[in-house]
Protein chains: 2
Amino acid sequence: MSVSVINYHGAMSRWPSNPRGRLQEAAMELFAEHGYDQTTVAGIAERAGLTERTFFRHFSDKREVLFSGGEELRAMMVEALTSAPPEATPLGAVEAALSAVTAFFDERHPMSRARQVIIDAHSELQERECAKMGKIAEALAEALRARGVPDPDARLTADAGIAVFRSAFAQWVRSDVGDMRTCIEECFAALEKVIAQGR
Amino acid sequence: MSVSVINYHGAMSRWPSNPRGRLQEAAMELFAEHGYDQTTVAGIAERAGLTERTFFRHFSDKREVLFSGGEELRAMMVEALTSAPPEATPLGAVEAALSAVTAFFDERHPMSRARQVIIDAHSELQERECAKMGKIAEALAEALRARGVPDPDARLTADAGIAVFRSAFAQWVRSDVGDMRTCIEECFAALEKVIAQGR
DNA sequence: GCCTGTGATGACAGAGACTGACATCAGTCA
DNA sequence: TGACTGATGTCAGTCTCTGTCATCACAGGC
């Protein structure tokens, strides 16, 4: 293979710059065109002008190419929860964490929708998404514990927040307006309502 | 290979009876002895007196050998939710679903603990467990919709129930008494408390 | 301008998960 | 007795993922 492109140093190089991004782009395209399991890692790498081995240096496995943004999201939420005012209730702190990422989503509405279509079509990918949400919930619970909220309250509040997030995201990704903040507010209110109704 | 055992018809057979159970047992043993990723499917099959190919006829993948009980659990919960009195609140119906499986767990405390040790040691398995919980949540949400609860309430109530279940299970599996009903009741109360505290 | 890392990549081999196709065997039923 | 069925074995093959080593571009010191 012999490719010549301007790399991130502005110099000529045999290798294209931003290999991660190129791999993600190639993967999205191929998953959308032929489906997740009809796409091989070798095929993704080839379209990105790289090799299979290099793919696995950038992503721990085939699914991860669709999910590597998750760490950033988690970090934003944990940061917001941690820096919420000390007098905030556990649920208030979780609300702050959710509010902190609304802009992140609103900026990515079309991409999120395309990505969700792919995920919805393959249970392997749904599994990974579920796991990512679980990791975020665990991180939020840990951040609540650091604020002095004991278990099981910390875990329950974090899980409730993630439940709100999931419902809000489902609503947001289907809608055309793409206002994540409103979706979150509505789902928060709905959760409070169904709990207040009692059992 | 030539094995002679009394099969489930009471007759002599070349094949041991209950191949599924034998595979599950062999897998639990090997996972506990050598760890999940140090154990090969061929190794599990060999200990069960079967072949790798037969393993994959009984379980869709390597992880599933630890999780095939999940469908039973889901069915019990959906059944209980569906047959809850029509006047029950959404949260009340979900509580009925959780109550319906407490005995199931109390009967399996030592086995659940051994299984959890294995799962906690491997993120691949945690991912599958998370996905199974997600499937149950989806099934409960669907059962709530069938009772006339619209989204996002149905989804949120189901997710809240699963959050309670997860916290309760974590508490139960660590405790020595093994009273799942009490754990669920406590976590339910804790959830209601943190939500009532407001944001 | 040369020399020497250092980091990213390619090339290659191999283990292990999983699938498809076909053969075999035990039990069943006509 | 013979055909049928269901569960299994056998074998070949694809794909995911890993370890190892060679190569190349770039950076920094001399």
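In the text below, chain A, chain B and the rest are named by the order of the sequence lines, each starting its count at 1.
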Participant: If I take atom CZ in residue A/F59 and atom P in nucleotide C/dT9, what distance separates them, rounded to the nearest angstrom?
Facilitator: 11 Å
Participant: Any side-chain N or O of A/H58 under 4.0 Å from OP1/OP2 of C/dT9?
Facilitator: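 So the side chain of A/H58 is within the cut-off, an N or O lying under 4.0 Å from OP1 or OP2 of C/dT9.
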Participant: From the list C/dA17, D/dC15, C/dA11, which nucleotide is the closest neighbour of the side chain of B/K62?
Facilitator: C/dA17
Participant: Measuring from B/E107:CD to B/M180:CE, what's the distance to the nearest 0.5 Å?
Facilitator: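 Atom-to-atom, B/E107:CD and B/M180:CE are 13.0 Å apart.
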Participant: Heavy-atom nearest nucleotide on DNA chain D for B/R57 versus A/V41: which residue maps closer to 5'?
Facilitator: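 Nearest nucleotide further toward 5': that of B/R57.
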Participant: Rounded to whole angstrom units, what separation is found between the CD atom of B/E124 and the C1' atom of D/dT18?
Facilitator: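 Taking CD of B/E124 and C1' of D/dT18, I get 14 Å after rounding.
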Participant: Kindly indicate whether the side chain of B/Q24, heavy atoms from C-beta on, has any atom under 4.5 Å from the side chain of B/F59.
Facilitator: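 In short, these two side chains touch, coming nearer than 4.5 Å.
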Participant: Considering only C/dG10, D/dC15, D/dG9, which nucleotide approaches the side chain of A/T40 most closely?
Facilitator: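 Closest nucleotide to the A/T40 side chain: D/dC15.
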Participant: According to the interplanar angle, ranging from 0 to 90°, do the rings of A/W172 and A/F105 count as parallel (below 30°), tilted (30 to 60°) or perpendicular (above 60°)?
Facilitator: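 Ring orientation of A/W172 relative to A/F105: perpendicular.
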Participant: Rounded to the nearest Å, what distance is computed from the CD atom of residue A/E46 to the C1' atom of nucleotide C/dG10?
Facilitator: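 These atoms are roughly 15 Å apart.
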Participant: Within this structure, what is the CD-to-P distance between B/E52 and D/dT14, rounded to whole angstrom?
Facilitator: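 From B/E52 CD to D/dT14 P: 17 Å.
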Participant: Would you name the heavy atoms of A/A80 and A/A96 that are closest together and state the gap between them?
Facilitator: CB-O, 3.8 Å
Participant: Would A/R63 count as a cation-pi partner of A/Y36, with NZ or CZ less than 6.0 Å from the six-membered ring centre and within 45° of the ring normal?
Facilitator: no
Participant: Would you kindly give the CG-to-P distance between A/D61 and C/dA17, to the nearest whole Å?
Facilitator: 15 Å
Participant: Is the phosphate of D/dG9 approached by B/T54 (side-chain N or O, under 4.0 Å from OP1 or OP2)?
Facilitator: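 Yes, B/T54 has a side-chain N/O under 4.0 Å of OP1/OP2 on D/dG9.
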Participant: Starting at CG of A/L50 and ending at P of D/dC24, how long is that distance when rounded to a whole Å?
Facilitator: 17 Å
Participant: Could you state the CZ-P distance from B/F55 to D/dT10, rounded to the nearest angstrom?
Facilitator: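 Spelled out: CZ on B/F55 to P on D/dT10 is 18 Å.
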Participant: Choose from C/dG10, C/dT19, D/dC15 the nucleotide whose nearest atom is closest to any side-chain atom of B/F56.
Facilitator: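 Among C/dG10, C/dT19, D/dC15, the one nearest the side chain of B/F56 is C/dT19.
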Participant: Quickly work out the B/R53 CZ to D/dG13 P distance and round it to whole Å.
Facilitator: 16 Å
